[in-house]
Each structure stands twice: as C-alpha cells, then as structure tokens.
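Working notes for the structure below.
Below, all heavy atoms of this structure are taken into account, side chains as well, without hydrogens, waters or symmetry copies. Keep in mind that this is a model prediction, so the values were computed, not measured.
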Amino acid sequence: MYAGLFHIYFELLGVRNYHCDNAARLISKAYNIILLLREICKFEAGKNVASAHGSRGDAGVNDNSNIAMLEFLTSNNDNLGAGNIKDSKSGKSGNDIKRDDDLIYELASTAFTRLCGVKEVYLPHSPKQSYPAYLSMVPLLSWLEQLEKHNFNIRNKKLLLSSFSLPIKL
C-alpha cells in the first residue's frame with residue numbers, strides 16, 4: 001500500500017524512473033516491517049501498563065501472540081530472511097526473551113538493509129527532482145537507530161518517544 005502512495009508522490013514530482021520505482025518498492029517493504037515492529041512495541045508498552053494496574057487489559061489475547069505472529073510471518077516468507085525461527089513456547093524464560101530479541105534483530109536488519117540499498121543504489125541514479133520523496137526514509141532510519149541503541153529490546157518504552165533531532169536530520 002505504501003508503495004502505491006510513493007508512486008503517486010513521484011508522479012506529482014514529475015518523475016518517471018525505473019530506479020525510483022524500485023526504491024519505492026524497497027522503502028515500502030522496510031516501512032511495513034518497521035510498522036509491525038512499532039505496533040509490537042506499543043502492544044508491549046500497553047501490556048506493561050495494564051499489568052502494573054493489576055488488570056490484564058488484553059482479555060483473551062495470548063502473551064506470546066505478537067511474537068508468534070512475527071515467527072509465522074518470518075517462517076513463511078523467505079523475503080524477510082528469517083526462516084530458521086522455531087515454534088514459540090508458552091512460558092517466557094530467559095532463552096525465550098533472547099530468542100525474541102534475535103527475531104527483532106533479524107527483522108530490523110532486513111529493514112535497515114533495504115533502506116541502505118535505496119540510499120546506495122537507487123538514490124544516486126534517481127533524478128534530483130525526486131529527492132523530496134526520499135525524505136520519508138529519515139524517520140524510518142532514525143527509529144531503527146533508536147532500536148539499535150536499546151539493543152533491539154522491543155519492550156523499551158523509550159522507543160515510543162519521538163525524536164527531537166528529527167527536524168535537524170531532515
């Protein structure tokens with residue numbers, strides 16, 4: 001869906017280029033991965049808030065459902081490159097949390113690799129009037145850098161905060 005909006009933006013800028021089409025596709029895939037990771041981060045933060053108040057807050061939802069969803073996506077989609085993830089266990093031991101963080105690392109690395117590919121391969125070959133469309137990569141890269149700064153711990157509430165330096169980076 002995001003790629004379609006990106007193509008419209010390129011049309012509005014008056015750009016019709018093969019490299020821009022490929023860049024839109026890769027940015028869209030990275031955006032979707034990051035969107036999934038951010039939603040899991042919000043879910044984990046909401047779950048922690050609900051458990052702090054003594055109520056479950058997510059009636060009927062399995063504690064491992066978000067990680068199980070990621071494992072299902074990665075094991076059935078070779079494009080994400082994480083096909084070696086095993087079935088999730090019902091309990092959360094230290095090994096399970098480590099495995100979940102490894103899964104988050106693999107997905108974040110895939111998104112980061114796609115965004116770097118756009119910067120290194122397609123951006124130099126794109127016409128200069130298409131550069132405003134590539135500004136949408138800056139917040140994506142910024143969030144991935146924050147995730148890396150927090151050791152790919154998706155449970156860290158600081159990932160939900162917006163970056164004050166984002167306007168400077170733009």
Side-chain angles (χ1 to χ4, degrees), residues 1-46 66-85 97-170:
M1 179 177 92
Y2 192 69
L5 294 175
F6 224 85
H7 288 293
I8 292 171
Y9 194 34
F10 281 129
E11 279 291 322
L12 290 173
L13 292 172
V15 176
R16 290 186 181 180
N17 188 320
Y18 173 75
H19 297 293
C20 293
D21 287 341
N22 286 334
R25 182 179 46 84
L26 287 177
I27 292 171
S28 175
K29 287 181 180 181
Y31 174 78
N32 290 330
I33 293 170
I34 292 169
L35 182 66
L36 180 65
L37 291 174
R38 288 185 67 141
E39 289 301 317
I40 290 174
C41 183
K42 289 177 187 176
F43 175 79
E44 289 288 334
N66 52 359
I67 300 299
M69 177 181 62
L70 280 175
E71 290 175 349
F72 174 77
L73 289 173
T74 55
S75 64
N76 291 326
N77 190 350
D78 292 333
N79 290 334
L80 293 177
N84 58 352
I85 305 298
I97 291 174
K98 172 80 169 102
R99 193 189 75 239
D100 294 347
D101 290 344
D102 289 344
L103 177 62
I104 299 299
Y105 171 77
E106 285 187 43
L107 288 171
S109 296
T110 302
F112 186 76
T113 302
R114 290 186 179 173
L115 291 175
C116 286
V118 169
K119 276 181 23 179
E120 294 172 4
V121 176
Y122 298 116
L123 185 61
H125 295 84
S126 297
K128 295 218 184 281
Q129 60 263 34
S130 69
Y131 286 2
Y134 291 111
L135 287 176
S136 66
M137 289 181 6
V138 175
L140 301 177
L141 287 168
S142 175
W143 192 82
L144 286 173
E145 289 170 358
Q146 277 186 330
L147 184 62
E148 181 182 15
K149 180 181 168 187
H150 297 294
N151 294 327
F152 300 97
N153 181 7
I154 203 77
R155 294 159 197 85
N156 195 329
K157 292 180 184 178
K158 291 182 180 178
L159 291 172
L160 297 174
L161 302 175
S162 59
S163 173
F164 292 111
S165 64
L166 190 58
I168 296 170
K169 289 180 182 179
L170 286 173

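Counting only N and O atoms by type, the side chains of Ser126 and Tyr134 include a donor and acceptor under 3.5 Å apart.
Taking 4.5 Å as the limit, some side-chain heavy atom of Ile154 sits within range of a side-chain heavy atom of Leu147. In this structure, the side chains of Pro132 and Tyr9 come closer than 4.5 Å at one or more pairs of heavy atoms.
Relative ring orientation between Phe152 and Tyr105 is described as perpendicular, the plane-to-plane angle rising above 60° on a 0-90° scale split at 30° and 60°.
The line from CG of Leu35 to CG of Leu140 is 9.5 Å long, rounded to the nearest 0.5 Å. Remark: His125 NE2 to Glu120 CD distance equals 12.0 Å, nearest 0.5 Å. In this structure, Ile104 CD1 and Asn151 CG are separated by 13.5 Å, a value rounded to the nearest 0.5 Å. Taken from CG in Leu123 to SG in Cys116, the straight-line distance is 12.0 Å, to the nearest 0.5 Å. The CG atom of Asn17 sits 11.0 Å away from the OH atom of Tyr122 when rounded to the nearest 0.5 Å. Taken to the nearest 0.5 Å, the CD1 atom of Ile34 stands 11.0 Å off from the CZ atom of Arg114.
Listed here is the closest heavy atom pair of Ala30 and Ala111: CB-O, 3.7 Å. Closest non-hydrogen pair, Leu13 versus Gln129, comes out as CD1-O, 3.6 Å. Phe10 and Ala24 get closest at one heavy-atom pair: CE1-CB, 4.1 Å. Of all non-hydrogen atoms in Leu107 and Leu37, the two that sit nearest each other are CD1-CD2, 4.2 Å.
Enclosure of atom OH in Tyr31 is not indicated, since only 12 or fewer non-hydrogen atoms of other residues, nucleotides or ligands lie within 6.0 angstrom. Around NE2 of His150, the count of heavy atoms belonging to other residues, nucleotides or ligands within 6.0 Å exceeds 12.
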Subject >> Working for side-chain contact (heavy atoms from CB on, under 4.5 Å), residues Lys119 and Leu141 >> reply: CA-CA 11 Å; Lys119 276 181 23 179; Leu141 287 168; 3.8 Å; yes
Original post:
Can you check side-chain contact (heavy atoms from CB on, under 4.5 Å) on Leu26 and Val121, steps first, answer last?
Top reply: CA-CA 11 Å; Leu26 287 177; Val121 176; over 6 Å; no
